[in-house]
Every structure is written in C-alpha cells, then in structure tokens.
Protein chains: 2
Amino acid sequence: MGRWVPGARGRLQRAAMELYAERGFEQTTVAEIAARAGVTERTFFRHFADKREVLFAGQEQLSELVVGALTDAPADLSPLDAAARAVEASAELFGERPDGPRARQAIIDAHPDLRERELIKLEGLAAVIAEGLLRRGVPTAAATLAASSAVAVFRMGFERWITDDGDDRGLEELIREALAELRAVTR
Amino acid sequence: MGRWVPGARGRLQRAAMELYAERGFEQTTVAEIAARAGVTERTFFRHFADKREVLFAGQEQLSELVVGALTDAPADLSPLDAAARAVEASAELFGERPDGPRARQAIIDAHPDLRERELIKLEGLAAVIAEGLLRRGVPTAAATLAASSAVAVFRMGFERWITDDGDDRGLEELIREALAELRAVTR
DNA sequence: CGCCTTCATGTCAGTCGCTGTCATCACTAG
DNA sequence: CTAGTGATGACAGCGACTGACATGAAGGCG
C-alpha cells in the first residue's frame with residue numbers, strides 16, 4: 001500500500017450511499033462524497049465514471065454470475081427457462097436479507113437520473129443473456145425476447161423480494177412465481 | 001406573435017437533430033444548437049428540460065395515442081392482446097416511411113446518454129399501458145408483465161421496421177409478428 | 001388611441017459535473 | 001541505492017443547467 005489509506009473505492013461507495021440517503025441524490029455534491037471518504041473529488045472520478053455509477057458497482061459481477069448460470073443450465077431447457085434459471089442465480093449475489101438491496105433501491109427509485117442508469121444496466125443484462133442464448137443455438141429474435149422476458153420476470157421477483165416484509169420466500173422462488181405469471185399472461 | 005420569430009421550439013428540434021447527426025451528440029454544444037435556431041442557450045432550456053429531451057418531444061403524443069387505443073380495444077381481448085393492439089396503434093404516429101424515425105434512432109443508438117433517456121421513455125410507456133390494463137380490471141402483476149411484454153414486442157417490431165429495407169411490411173404487421181414470436185418463446 | 005398585463009425571450013452571474021495535465025510520494029523491482 | 005509504477009493531490013478549464021432580473025411585442029380594455 002501507499003501513503004494513502006487503502007480502500008478508497010469502498011469508502012466512496014459507502015459515503016455516497018449515506019449522503020444520497022440523507023440528503024438525496026441531487027442535493028449531494030461529489031465534493032462532499034469525496035470529503036467524507038477522505039479523498040479528493042478527482043479521485044472519485046478515477047474510481048467511478050460519474051456521480052451515478054457509484055451505486056452500480058456490482059453490476060459486472062451480476063452479469064458474470066448470470067451468464068455463468070446460463071452457460072451451466074441444462075441444454076434441454078427452453079430458451080425462456082434457461083434465461084429464467086440464469087436470473088434466479090442472481091440470488092446468490094444478493095444474499096438472504098433484502099435490507100441492503102432495499103435501501104439501495106429506495107435511493108435509485110427516488111431520482112429519475114438513477115432510474116435511467118438502472119434501466120440501461122438491466123438492458124445490458126438482457127443483452128448478455130441474449131448473447132448467451134445465441135451461443136446455445138437460439139435464433140436471434142427468440143433470444144432477444146426470452147432475455148427481455150427473463151429480465152422482466154427478474155424485476156418483478158426482485159421488487160416483491162424487497163417489498164413484502166411478511167413474505168419469507170427467497171428471491172429465487174419469487175422469480176419462478178413471476179415466470180409462471182408471465183406464462184399465464186402470454187398464454 | 002412577438003418580436004421574436006415564432007416556432008423557436010421546432011427550430012431548436014431541427015437544429016439539434018442536424019447537429020447531433022453531423023458532429024455527434026457529445027460534440028454538440030447547447031449554445032451551438034441555440035445559435036443555429038437563432039435563439040439563446042437559455043431559451044433552449046426553457047423549451048427542453050435538458051440536452052437530450054429535445055430528441056424525445058413526441059413521447060407524450062405517443063403515450064396518449066397508445067393509451068387511447070388501449071381504452072378503445074375490445075373488452076374481450078386478453079391483457080397481452082389488448083396491450084399489443086395498443087402499441088400497434090403507434091404506427092399511426094410514425095407514418096408509413098421509416099426514414100425519419102430511422103435517422104432519429106441512429107442518433108439515439110450512437111450515444112449511451114440518449115439510450116438511457118429512450119429506455120426511461122419506454123418504461124414510462126409501459127407504465128401507462130399497465131395503468132390502462134388495471135382500469136380494465138387486470139390484476140397488477142399481469143398488467144405489469146403484459147405491458148412490459150407489449151413494449152418488448154413493440155421494440156422488436158420497430159427495430160425491424162426501420163432496419164429491413166427490402167421488407168415492405170408495415171409497423172403494425174411487424175409488431176404482430178413479434179408478438180407471435182413472443183408467444184412461441186413463452187410457450 | 002394609450003395604458004397595462006402577459007409572456008417569450010435576452011442577459012448575466014453562478015454552481016456543479018466532469019476532464020486534462022502535471023506534480024507528488026510511497027512502494028517495489030533490480 | 002536507484003529507477004519505475006501506481007494511486008493520489010492540485011489546478012485550470014469547459015459545458016450543462018439554474019435563478020433572477022430586464023426587455024419588448026401582443027393583446028385586452030377603457
């Protein structure tokens with residue numbers, strides 16, 4: 001390590017989450033985040049592309065995890081089932097307690113700029129799922145539609161997971177439930 | 001009208017489209033757009049919330065049109081069919097020639113910031129469709145899933161419409177085709 | 001015809017997100 | 001001990017966006 005205190009990236013993430021939660025996203029300055037983390041504003045932008053990205057750091061891991069699950073999924077699964085299986089695997093990343101994800105989601109939902117960023121991240125997730133389906137021999141159109149359906153199902157399961165307090169079911173089960181509902185709707 | 005030349009809003013839209021197409025979105029300054037339109041930078045921000053919004057002016061009309069079509073759709077249609085019928089109605093707004101929409105889409109696809117904005121607009125479209133389905137008595141979950149499915153189907157139809165040059169089919173037919181493919185995938 | 005309200009615009013100052021550039025300094029390989 | 005590496009600080013600068021105030025034409029009204 002250097003003269004600097006290590007873990008600047010993590011401190012920036014925590015500081016940003018705290019401040020966004022306290023004062024709101026727009027009312028928070030990057031300089032303030034940096035100050036709380038004990039670094040310079042410039043350092044913030046060396047770790048995160050912009051003021052929003054600090055909230056979406058785990059996205060790469062999520063994509064890798066989901067793509068891995070898709071690759072490992074049984075070859076005889078239908079495209080949609082394989083894609084759904086893939087997004088179910090995300091439960092491994094989120095853990096059992098929805099508290100953390102719920103707090104983060106509350107921040108995101110509170111500001112359109114952050115929702116935009118979330119949407120393009122989900123779009124990216126759908127893109128890598130579609131790509132994985134293509135590698136399974138699924139035609140382009142079917143891959144695209146199955147991927148976006150899987151993401152829709154994931155979103156619904158995720159929202160229920162962080163919303164319902166009396167509901168003790170896990171993220172995976174809620175995603176499977178949403179998938180069943182999607183099938184009922186498209187029937 | 002006043003001392004000012006009327007139609008500032010329209011001139012700003014045209015100027016922005018031209019400049020975004022010529023130099024790209026990021027390389028274009030709001031001051032440049034305003035100058036080409038013969039107004040001040042400040043006036044730009046009086047007409048459009050930000051530099052991106054100038055490309056998404058027709059979104060309100062689209063939502064209204066789609067919601068109207070959803071309201072008018074036969075009551076015995078399934079939620080998904082009604083939602084699909086609604087997005088099909090968008091063809092009325094886009095006209096027959098995909099040239100204009102294609103040019104606009106090329107600009108949007110060229111920059112992530114614009115794609116973000118497009119995604120949140122589509123999300124808004126899905127939201128109003130879901131709302132319309134709720135008014136039809138569709139349960140929340142089914143309404144949400146049907147709406148997002150309809151938007152996915154719309155996107156696929158739209159992309160084919162502006163892409164395929166030898167394909168003379170209209171937007172409506174391409175959307176119906178995508179819907180059939182979605183049904184095949186979710187089967 | 002002249003006054004007054006309205007409203008789109010111009011002007012100006014200022015904040016903040018974000019970037020390029022160069023210096024600094026601890027750590028590390030040789 | 002020296003040169004290189006890598007994360008950081010310091011600083012100047014651009015451009016997006018906002019708030020406040022001034023301006024001048026259009027239209028209503030006496």
Side-chain angles (χ1 to χ4, degrees), chain A residues 1-57 107-108 110-118 120-121, chain B residues 1-57 107-108 110-118 120-121:
Chain A
M1 307 297 173
R3 59 175 165 165
W4 54 84
V5 186
R9 185 183 175 87
R11 290 200 312 277
L12 283 167
Q13 291 182 33
R14 201 174 332 117
M17 283 260 322
E18 291 171 3
L19 288 169
Y20 291 170
E22 290 171 14
R23 318 180 191 174
F25 172 76
E26 223 173 358
Q27 283 64 43
T28 302
T29 271
V30 173
E32 293 169 345
I33 301 173
R36 181 170 293 203
V39 295
T40 314
E41 192 182 352
R42 191 66 184 87
T43 295
F44 177 95
F45 289 108
R46 287 202 177 93
H47 283 281
F48 306 100
D50 58 53
K51 194 184 166 187
R52 310 175 220 169
E53 199 64 21
V54 63
L55 278 182
F56 299 88
I107 296 173
I108 293 173
H111 201 290
D113 286 3
L114 293 171
R115 299 217 329 135
E116 284 190 353
R117 180 57 49 86
E118 183 191 26
I120 208 171
K121 293 294 185 182
Chain B
M1 305 298 172
R3 58 176 168 168
W4 53 85
V5 186
R9 185 183 175 89
R11 291 199 313 277
L12 283 167
Q13 291 183 32
R14 200 174 333 117
M17 282 260 323
E18 291 171 5
L19 288 168
Y20 291 170
E22 291 171 12
R23 318 180 191 171
F25 173 76
E26 222 174 358
Q27 283 64 44
T28 301
T29 270
V30 172
E32 293 170 345
I33 301 173
R36 181 171 293 202
V39 294
T40 314
E41 192 182 353
R42 192 66 183 84
T43 295
F44 177 94
F45 289 109
R46 286 203 177 92
H47 283 281
F48 306 100
D50 58 53
K51 195 184 167 188
R52 311 173 218 170
E53 198 65 19
V54 63
L55 279 182
F56 298 87
I107 296 173
I108 293 172
H111 202 290
D113 286 2
L114 293 172
R115 299 217 329 135
E116 283 190 351
R117 180 55 51 86
E118 185 192 25
I120 207 171
K121 293 294 185 183

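A note on names: the letters A, B, ... follow the listed sequences, proteins ahead of strands, and every chain is numbered from 1.
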Trainee: Please name the pair of heavy atoms, one in B:Phe48 and one in B:Val54, separated by the smallest distance, quoted to 0.1 Å.
Mentor: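 Looking at all heavy atoms of both residues, the closest pair is CD2-CA, 3.6 Å.
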Trainee: Starting at CZ of A:Phe48 and ending at C1' of D:dA7, how long is that distance when rounded to a whole Å?
Mentor: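 From A:Phe48 CZ to D:dA7 C1': 14 Å.
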Trainee: The side chain of B:Val39 is closest to which nucleotide in this list: C:dG10, C:dC18, D:dA16?
Mentor: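 Nearest to the side chain of B:Val39 among the choices is C:dG10.
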Trainee: Rounded to the nearest Å, what distance is computed from the CD atom of residue A:Glu53 to the P atom of nucleotide C:dG17?
Mentor: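 Value for this atom pair: 16 Å.
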Trainee: Tell me: CZ of A:Phe45 to C1' of D:dT8, nearest whole Å?
Mentor: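 Spelled out: CZ on A:Phe45 to C1' on D:dT8 is 16 Å.
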Trainee: Distance check needed: C:dC16 P versus A:Leu19 CG, whole Å only.
Mentor: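 For the pair A:Leu19 CG and C:dC16 P, the rounded distance is 14 Å.
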Trainee: Select base, sugar-phosphate, or nothing to describe what B:Thr40 touches, counting heavy atoms under 4.0 Å on all strands.
Mentor: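 Base contact.
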Trainee: OP1 or OP2 of D:dG9 sitting under 4.0 Å from any side-chain N/O of A:Thr43?
Mentor: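 For A:Thr43, the contact criterion (side-chain N or O under 4.0 Å from OP1 or OP2 of D:dG9) is met.
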Trainee: May I ask you to decide if B:Thr29's main-chain N or O and B:Lys51's side chain share a donor-acceptor pair within less than 3.5 Å?
Mentor: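 No; zero donor-acceptor contacts below 3.5 Å.
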Trainee: Which whole-number value in Å describes the distance from A:Arg46 CZ to D:dC11 P?
Mentor: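 Taking CZ of A:Arg46 and P of D:dC11, I get 14 Å after rounding.
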Trainee: Please determine if a side-chain N or O atom of B:His47 lies less than 4.0 Å away from the OP1 or OP2 oxygen of C:dT9.
Mentor: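 Yes, B:His47 has a side-chain N/O under 4.0 Å of OP1/OP2 on C:dT9.
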Trainee: Could you give the CG-to-P distance, from A:Leu12 to D:dA7, as a whole number of Å?
Mentor: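 Distance, rounded to whole Å: 14 Å.
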Trainee: Taking B:Gly24's backbone N and O only, do any of them form a donor-acceptor pair with B:Thr28's side chain (distance below 3.5 Å, no angle check)?
Mentor: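 Here the side-chain-to-backbone pair exists.
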Trainee: Output the rounded distance in Å from CZ (A:Arg9) to P (D:dG6).
Mentor: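 Value for this atom pair: 17 Å.
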Trainee: What I want to check is whether an N or O donor and acceptor connect the side chain of B:Arg42 with the base of D:dG19 at under 3.5 Å.
Mentor: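 Answer yes: a donor N or O sits under 3.5 Å from an acceptor.
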Trainee: Does any N or O in the side chain of B:Arg11 come within less than 3.5 Å of the main-chain N or O of B:Pro6, such that one atom is a donor and the other an acceptor?
Mentor: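 Pair found, side chain donor or acceptor close to backbone of B:Pro6.
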Trainee: Keeping A:Lys121 on the side-chain end and A:Glu116 on the backbone end, is there a donor-acceptor pair under 3.5 Å?
Mentor: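 No; zero donor-acceptor contacts below 3.5 Å.
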Trainee: Using a 4.0 Å heavy-atom cut-off across all strands, classify A:Ala31 as base, sugar-phosphate, or nothing.
Mentor: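 Contact class for A:Ala31: none.
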Trainee: Could you check how far CD of B:Glu41 sits from P of D:dC14, rounded to whole Å?
Mentor: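 That distance rounds to 14 Å.
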